[in-house]
Visitor: 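Right, I'll just put the structure down here and ask away after.
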Amino acid sequence: MGWVSVPLITVFVLVVNPLLLIVNGGGVPTTLEGPFKPVTVPLDNTFRGNALDLPDTDPLVQRTVEGFQPEQISLSLSSSHDSLWISWITGEFQIGDNIKPLDPESVGSIVEYGKFGRRMSRKSKGYSLVYSQLYPFEGLQNYTSGIIHHVRLTGLKPNTLYQYRCGDPSLSAMSEVHYFRTMPEAGPKSYPSRIAVVGDLGLTYNTTSTIDHMTSNHPDLVLLVGDVCYANMYLTNGTGTNCYRCSFSDTPIHETYQPRWDYWGRYMQPLISNVPIMVVEGNHELEEQVENKTFVSYSSRFAFPSEESGSLSTMYYSFNAGGIHFIMLGAYTSFDKSGDQYKWLEKDLASVDREVTPWLVATWHPPWYSTYTAHYREAECMRIEMEDLLYQYGVDIVFNGHVHAYERSNRVYNYTLDPCGPVHITVGDGGNREKMAITHADEPGNCPEPSSTPDTLISGGKFCGFNFTSGPAEGKFCWDRQPDYSALRESSFGHGILEVKNETHALWSWHRNQDYYGIAGDEIYIVRQPEKCPFKPKVLKPAYGSSNYI
């Protein structure tokens, strides 16, 4: 049953309050001691990792079921603890010139479930779909998926272990029994124990190391902050590369090899059939096809609490996990103040009761505060549109991917150190085949030409990244040293674990793949100060580029 622990005997343990370790000098720093002097961990040239994709012959990605038995089973949360989504695929995908989509109505979408230790007497029915990846050019192989099922369970009890099986009992096509534990009920003293955060995962040998390390930390929830399987690093004939535009610059459309999605789903099933995963789109999920359709595989394969959270799109949504309210934002859809996403975000933020869910965590793919040369200030237009709103409502932590390295900021707002700004954490180091980001924009000769930095997928060709107007970098596009807002950066593959302890303290730890299990490469308590930074404070406008707290 994976890593969902079922206690067979009672064991008495001494639980040490981690806050006592802070008071008594336990060695873990807190943000109250910040802002911290910027640190760059030197590059370990002996560890570059094995950023090679798992081949389709690897047993971990091969199909092991027959007929219409379920595979690629995954869980995702609904908007609150009392409901949860279960997703899976039946039937085989097809790829080639003459594909015929399966009939979604030919197989039922049924989940049988019950509390652990009791009969699985409850039953829920859902819906199913098939998607296709079609190309308007001869010689490219089209794809159609197996039948994708999504079933929402409701009326669940908080913090309770359930068992379930999914499939179609009329066809004798049911899965084995799997398990999940629901999130705790929303409340200021109620939190999941461990939340794993990872970005830009892919399906390489480094990915397997990341997932092994993550599994050893026994997460209750996984956040994947964009870039899932990197199917768009392949041509439709299965030929892959580390750099698509370098190797395939003359293709008439950006091709993908959709079976990589199925390989990823099979590989991840042992984890995400027991532990919910919440995903937000990255640039590698774009996957353009006929009629300019995009993000079809992403939107089809995962279940999202979009409707439950009032969103009109799978590209942005929100949910609660105990006393944490998560906001998953889309960088690759409109974020203008006049757009649907911004209006939804305003409404969602205004609806959060910080007495019930004190912690506010935001996630999207490309970071606003990254000092690496790769994607430097690429999402500046999004930052200018949305940062004031997130600051106004007191977002505590921001998680991003996209940059294939690790970086944690000091509390920051508008490039200015600010004790009420969020901590921005980039964890785009899951292990994909594009390898690590290494160089920094503040190093001599590395500052990119400003006009080269906007991503048209994000800004639509608009330029927002002007030079700094004050502070240490006044009149420049890049700093001449590691910026004050950057607390720690390191180029290494890994994942992070968030452990919220109470309404004011959360332990963040980052774990490198090359370290022993349980060892943290970075560790800090993120401390909220609601009395100093009250809900919905007046928006300040600090000097752009200033280096001191206000």
Visitor: Would you mind telling me which of His284, Glu288, Glu255 makes a side chain to side chain donor-acceptor pair (under 3.5 Å) with Asn232?
Guide: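 Among His284, Glu288, Glu255, the one that satisfies the side chain to side chain donor-acceptor pair (under 3.5 Å) with Asn232 is His284.
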Visitor: Kindly assign one of parallel, tilted or perpendicular to the pair Tyr244 and Phe248, based on the angle between their ring planes and the thresholds 30° and 60°.
Guide: perpendicular
Visitor: Is it the case that His404 and Asp429 place a side-chain donor and acceptor less than 3.5 Å from each other?
Guide: no
Visitor: Report yes if the side chains of His81 and Pro184 come closer than 4.5 Å at any heavy-atom pair, otherwise no.
Guide: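 Counting from C-beta outward, His81 and Pro184 never come under 4.5 Å.
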Visitor: Side chains of Leu329 and Phe335: does their closest heavy-atom pair fall under 4.5 Å?
Guide: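 No; the side chains remain at least 4.5 Å from each other.
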Visitor: For the atom pair OG (Ser311) and OH (Tyr316), what is the distance rounded to the nearest 0.5 Å?
Guide: 4.5 Å
Visitor: Using the ring of each side chain (for Trp, its six-membered ring), is His150 parallel, tilted or perpendicular to Trp85, with breaks at 30° and 60°?
Guide: perpendicular
Visitor: For Tyr376 and Ser452, does a side-chain donor sit closer than 3.5 Å to a side-chain acceptor?
Guide: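 No donor-acceptor contact under 3.5 Å links the two side chains.
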Visitor: Quick one about Arg489 and Thr40 (side-chain donor to acceptor, distance below 3.5 Å, no hydrogens or angles considered), yes or no?
Guide: yes
Visitor: Between atom OH of Tyr113 and atom OG of Ser121, what is the distance when rounded to the nearest 0.5 Å?
Guide: 9.0 Å
Visitor: Considering only heavy atoms from C-beta outward, does the side chain of His365 approach that of Glu281 to under 4.5 Å?
Guide: no
Visitor: What distance separates Asp220 CG from Asn274 CG, expressed to the nearest 0.5 Å?
Guide: 12.0 Å
Visitor: Can you tell me how far apart CE (Met278) and CD1 (Ile195) are? Round to the nearest 0.5 Å.
Guide: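 Taking CE in Met278 and CD1 in Ile195, the distance rounds to 11.0 Å.
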Visitor: Just wondering, are more than 12 heavy atoms of other shown residues or ligands nearer than 6.0 Å to OH in Tyr517?
Guide: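 Yes, OH of Tyr517 has more than 12 neighbouring heavy atoms, counting only those of other groups under 6.0 Å.
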Visitor: Show the nearest heavy-atom pair for residues Trp264 and Leu224, with the distance to one decimal.
Guide: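 Closest approach of Trp264 to Leu224, heavy atoms only: CZ2-CD2, 3.9 Å.
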Visitor: So which heavy atom on Leu77 is nearest to which on Met183, and how close?
Guide: CD1-CG, 3.7 Å
Visitor: May I ask you to decide if the ring planes of Phe326 and Phe319 are parallel, tilted or perpendicular, using 30° and 60° as cut-offs?
Guide: parallel
Visitor: Supply the atom-to-atom distance Asn400 CG to His375 NE2, rounded to the nearest 0.5 angstrom.
Guide: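 The CG atom of Asn400 sits 12.0 Å away from the NE2 atom of His375.
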Visitor: Only one of Leu221, Leu223, Ile397 clears side chain to side chain contact (heavy atoms under 4.5 Å, CB included) with Leu498; which?
Guide: Ile397
Visitor: May I ask you to check whether Ser492 and Gln514 show a side-chain donor-acceptor distance below 3.5 Å?
Guide: yes
Visitor: Testing Tyr257, Tyr143, Trp261 for ring-ring contact (aromatic ring centres under 6.0 Å, His included) with Phe93, which one passes?
Guide: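 Of all the options given, the one that passes is Tyr143.
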Visitor: Is any side-chain heavy atom of Tyr162 closer than 4.5 Å to one of Lys157?
Guide: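 Yes, at least one pair of side-chain atoms sits under 4.5 Å.
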Visitor: With a 4.5 Å heavy-atom cut-off, do Ser300 and Ser145 have their side chains touching?
Guide: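 Ser300 vs Ser145: side chains apart.
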Visitor: Will you find, in the side chains of His213 and His511, an N or O donor that is under 3.5 Å from an N or O acceptor?
Guide: no
Visitor: Would you please name every residue forming a side-chain contact (heavy atoms from CB on, under 4.5 Å) with Gln94, sequence neighbours left out?
Guide: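 Gln94 satisfies side-chain contact (heavy atoms from CB on, under 4.5 Å) with Ile99, Lys100, Leu102, Thr144 once adjacent residues are dropped.
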Visitor: Report yes if the distance between the aromatic ring centroids of Phe304 and Tyr298 is under 6.0 Å, otherwise no.
Guide: yes
Visitor: For Asp262 and Gln72, which I'm curious about, is there any donor-acceptor pair between the side chains at under 3.5 Å?
Guide: yes
Visitor: Would you call Asp522 and Val41 a side-chain contact if the rule is heavy atoms closer than 4.5 Å?
Guide: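 SC-SC contact between Asp522 and Val41 ruled out.
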Visitor: Without hydrogens or angle criteria, can the side chains of Asn206 and Thr204 be said to hold a donor-acceptor pair below 3.5 Å?
Guide: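 No, no side-chain donor-acceptor contact under 3.5 Å.
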Visitor: I'd like to know if the side chain of Tyr230 pairs up with that of Asp200 as donor and acceptor (distance under 3.5 Å, no hydrogens or angles considered).
Guide: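 Yes, a side-chain donor-acceptor pair sits under 3.5 Å.
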Visitor: Flag the pair Asn283 / Asp227 as yes when at least one side-chain heavy-atom distance between them is below 4.5 Å, and no otherwise.
Guide: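 The answer is yes; the side chains approach within 4.5 Å.
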Visitor: Without hydrogens or angle criteria, can the side chains of Arg377 and Thr453 be said to hold a donor-acceptor pair below 3.5 Å?
Guide: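 No - no donor-acceptor pair under 3.5 Å links their side chains.
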Visitor: Check Val111 against Cys166 and note the closest heavy-atom contact, atom names and distance.
Guide: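 Closest pair (atom of Val111, atom of Cys166, distance): CG2-CB, 4.0 Å.
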Visitor: I'd like to know if the side chain of Ser409 pairs up with that of His424 as donor and acceptor (distance under 3.5 Å, no hydrogens or angles considered).
Guide: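 There is no such pair between these side chains.
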Visitor: Report yes or no: do Asn513 and Thr210 form a side-chain donor-acceptor pair below 3.5 Å?
Guide: yes
Visitor: What closest approach, in Å, do Ser491 and Leu43 show between heavy atoms, and which atom pair accounts for it?
Guide: CB-CD1, 3.9 Å
Visitor: Mind checking the CG-CD1 spacing from Leu75 to Ile86? Nearest 0.5 Å is all I need.
Guide: 5.5 Å
Visitor: Under a 3.5 Å threshold, yes or no: a donor from one side chain and an acceptor from the other, between Tyr131 and Ser297?
Guide: yes
Visitor: Could you tell me whether the side chain of Glu308 reaches within less than 4.5 Å of the side chain of Arg152, counting heavy atoms only?
Guide: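 The answer is yes; the side chains approach within 4.5 Å.
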Visitor: Kindly indicate whether a cation-pi arrangement holds for Arg433 with Tyr234, taking the cut-offs as under 6.0 Å to the six-membered ring centre and within 45° of the axis.
Guide: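 Yes, Arg433 sits over the ring of Tyr234.
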Visitor: Within a reach of under 6.0 Å around CD of Glu176, are more than 12 heavy atoms found that belong to other residues, nucleotides or ligands?
Guide: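 No, CD of Glu176 has 12 or fewer neighbouring heavy atoms, counting only those of other groups under 6.0 Å.
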